[in-house]
Amino acid sequence: MKTTTSGLTAPSQAVPQETAAVPSRVALVGVHGFGTQHLRNLERLQAGGTVNLVAVADPNTPAPGALPGETAVFSDLDELLRHTSGLDVIIVATPIQTHAPLALAALAHADLYLEKPPVVSLADFYRLQDAAAAHGRSVQIGFQSLGSRALPAISELVARGEIGDIQGISATGRWVRDRAYNKRSAWAGKRSIDGIDVVDGVSTNPLAHAVATALRIAGAQCVEDVASVETDLYRANDIESDDTSVIRIRTAAGLPITCALTLCAGESVEPYVTVQGSRGQAVFHYTEDRLVVTTSGDSREESYGRDDLTENLLAHLADDAPLISPLDGSGAFMRVLEAVRTAELPAFIDGAHVEWAGEGDAAHAVIPGIEEALERAASTHATFSELGLPWARPLTTRHTSS
């Protein structure tokens, strides 16, 4: 295998944008969980003079020293908005079920960076689109993998026919998540709470980037770009949502996309998206911005930089740079989320087909043979039911959304 490296930026870093004359006034809603990632990024941007983190909102007090000394702290977004004016951007990094109401409130005051998944239903997605249009706001969705410079490279190699005619795309993810992961919050692993949708499943939250990245490579961004979605959902853990699933999508152009995902692997492996061609394949390890292209016995590996979505949103507002992950571009993903949301309950995998590794809250479920099952599902575009796995549902109960 020959190896080359493209780009000058490590995968975890962002390329600096030209510093604005006046820092953008930014507020962050949610400073814990993934919000801590935003805090670190905003600290970097503030040090470079790009932003000023003027306020945060969270019902739980930020950790000592987590914020710049001049940043105001509020208990919720409503309080923040009552006492803060002139905001340029509001970042929302809160539990999934709160995205819609917080985003709708934020759009009346500023442009928006909204973490993934955008909202929990297509109905909420359309409401958010309408609100953004009514207020003339831009919305960036936090699918960070879409900032990888490997994606244009994949488009170029496909366009020049390097791997032949594209026959399909698959996304494979096998992670380990322990009992503590499903106890991390009241909404973890839930389909709904008190009648409010949550949809915290493997394909809609922890491995949502796998789905979103596969859709982007396929050129499917709008709701109308997806012709059908089939779901084959399972749970080995004592949760409501799925932790092991196949999502089979067909685009409006007729291209099959199969996402084979689990949180019950023997060990975690970085997820990847495979572009299957008639003359070879391109495998994109999206968390590492690494691309492996194989054709006729020859293989090359390339690593790429990644553009930061917050900087991209600021560049869009200042200079009309195209958004990397715009709200409208999440329509295809929302079409998939809607199919998962409305599917029948995930089937519980009998304990005879599950092993447990570790003790107490550190224990994690392992489905023996799941790695091979994921590879077979992804390579043949088959569901677990179609593979005849002993713990899978009969074929007649598979859910299809057209």
Side-chain angles (χ1 to χ4, degrees), residues 165-175 191 199 201-204 206-208 210-215 217-218 220 225-237 241-266 269 271-278 281 283 332-333 335-355 365-402:
D165 297 330
I166 304 307
Q167 300 174 331
I169 295 174
S170 65
T172 308
R174 51 183 196 264
W175 277 354
R191 286 171 66 90
V199 203
V202 62
S203 63
T204 55
L207 284 167
V211 180
T213 305
L215 287 166
I217 291 172
D225 291 333
V226 174
S228 65
V229 183
E230 295 174 83
T231 59
D232 197 22
L233 313 179
Y234 302 87
R235 56 191 178 95
N237 286 278
S241 292
D242 55 313
D243 56 36
T244 301
S245 295
V246 168
I247 311 295
R248 186 163 61 189
I249 306 158
R250 187 164 293 275
T251 70
L255 188 68
I257 304 173
T258 300
C259 305
L261 313 167
T262 190
L263 302 179
C264 303
V269 174
Y272 51 91
V273 175
T274 303
V275 185
Q276 303 157 339
S278 59
Q281 67 177 19
V283 181
F333 175 84
R335 177 73 173 75
V336 174
L337 184 147
E338 183 74 0
V340 173
R341 184 183 74 86
T342 58
E344 60 188 315
L345 293 174
F348 189 71
I349 300 176
D350 187 271
H353 302 293
V354 179
E355 297 175 353
V366 178
I367 303 171
I370 189 61
E371 291 81 5
E372 180 188 0
L374 295 175
E375 291 295 333
R376 289 174 60 199
S379 62
T380 64
H381 296 280
T383 65
F384 293 138
S385 293
E386 290 170 346
L387 293 177
L389 299 178
W391 43 265
R393 282 191 176 104
L395 285 174
T396 55
T397 61
R398 190 173 65 239
H399 179 80
T400 302
S401 175
S402 299

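Along the sequence shown, residues are numbered consecutively beginning with 1.
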Test item: side-chain donor near acceptor, S385 and Y234, under 3.5 Å:
yes

Of all heavy-atom pairs between L374 and G173, which one has the smallest distance, and what is that distance?
CD1-O, 3.8 Å

SG on C259 to CD1 on I247, rounded to 0.5 Å
7.0 Å

Nearest atoms (heavy-atom pairs only) where A236 meets F348:
O-CE1, 3.9 Å

Looking at P256, is its backbone amide N or carbonyl O close enough to the side chain of R248 to form a donor-acceptor pair, meaning the two atoms are under 3.5 Å apart?
no

Between Y272 and T213, is a side chain to side chain contact (heavy atoms under 4.5 Å, CB included) present by the stated rule, with each step listed?
CA-CA 9 Å; Y272 51 91; T213 305; over 6 Å; no

Between the side chain of R393 and the main-chain N/O of L233, is any donor-acceptor distance below 3.5 Å?
yes

Between S241 and P346, what is the shortest heavy-atom contact and its length?
C-CG, 3.7 Å

With a 4.5 Å heavy-atom cut-off, do H353 and I367 have their side chains touching?
no

Shortest non-hydrogen contact from T258 to A377?
CG2-O, 3.7 Å

With a 4.5 Å cut-off on side-chain heavy atoms, are F333 and V226 touching?
no

For A378 versus S170, what's the shortest heavy-atom pair and its separation?
O-CB, 3.5 Å

Less than 4.5 Å apart, side chain to side chain, heavy atoms only: is that true for V340 and S203?
yes

Using every non-hydrogen atom in the two residues, find where L261 and A210 come nearest and quote the distance to one decimal.
CD2-CB, 4.2 Å

Would a distance-only check, ignoring hydrogens and angles, find a side-chain to backbone donor-acceptor pair under 3.5 Å from E371 to R174?
no

Q167 CD: over 12 foreign heavy atoms closer than 6.0 Å
yes

In the structure I gave you, are the side-chain heavy atoms of C264 and V354 within less than 4.5 Å of one another anywhere?
no

Between T274 (side chain) and Q276 (backbone), is there a donor-acceptor pair under 3.5 Å?
no

Between the main-chain N or O of G369 and the side-chain N or O of E372, is there a donor-acceptor pair closer than 3.5 Å?
no

Kindly say whether N237 contributes a backbone atom to a donor-acceptor pair with the side chain of D243 at under 3.5 angstrom?
yes

Give the C-alpha distance, both sets of side-chain angles, the deciding distance and a yes or no for side chain to side chain contact (heavy atoms under 4.5 Å, CB included) between W391 and D350.
CA-CA 7 Å; W391 43 265; D350 187 271; over 6 Å; no

Note, V246 side chain near L387 side chain (heavy atom, < 4.5 Å):
no

Check: R235 and L345 side chains under 4.5 Å, non-hydrogen atoms
no

Once you round to the nearest 0.5 Å, how far does NE2 of H381 lie from CG of L255?
7.5 Å

Would a 4.5 Å heavy-atom cut-off, applied to side chains only, mark R335 and V229 as touching?
yes

Under the 3.5 angstrom rule, does the side chain of T204 hit a backbone N or O of V199 as a donor-acceptor pair?
yes

Check the pair I169, V273 against side chain to side chain contact (heavy atoms under 4.5 Å, CB included), reporting the backbone distance first and the verdict last.
CA-CA 7 Å; I169 295 174; V273 175; 3.7 Å; yes

Can you tell me how far apart CG (L263) and CD1 (I370) are? Round to the nearest 0.5 Å.
10.5 Å

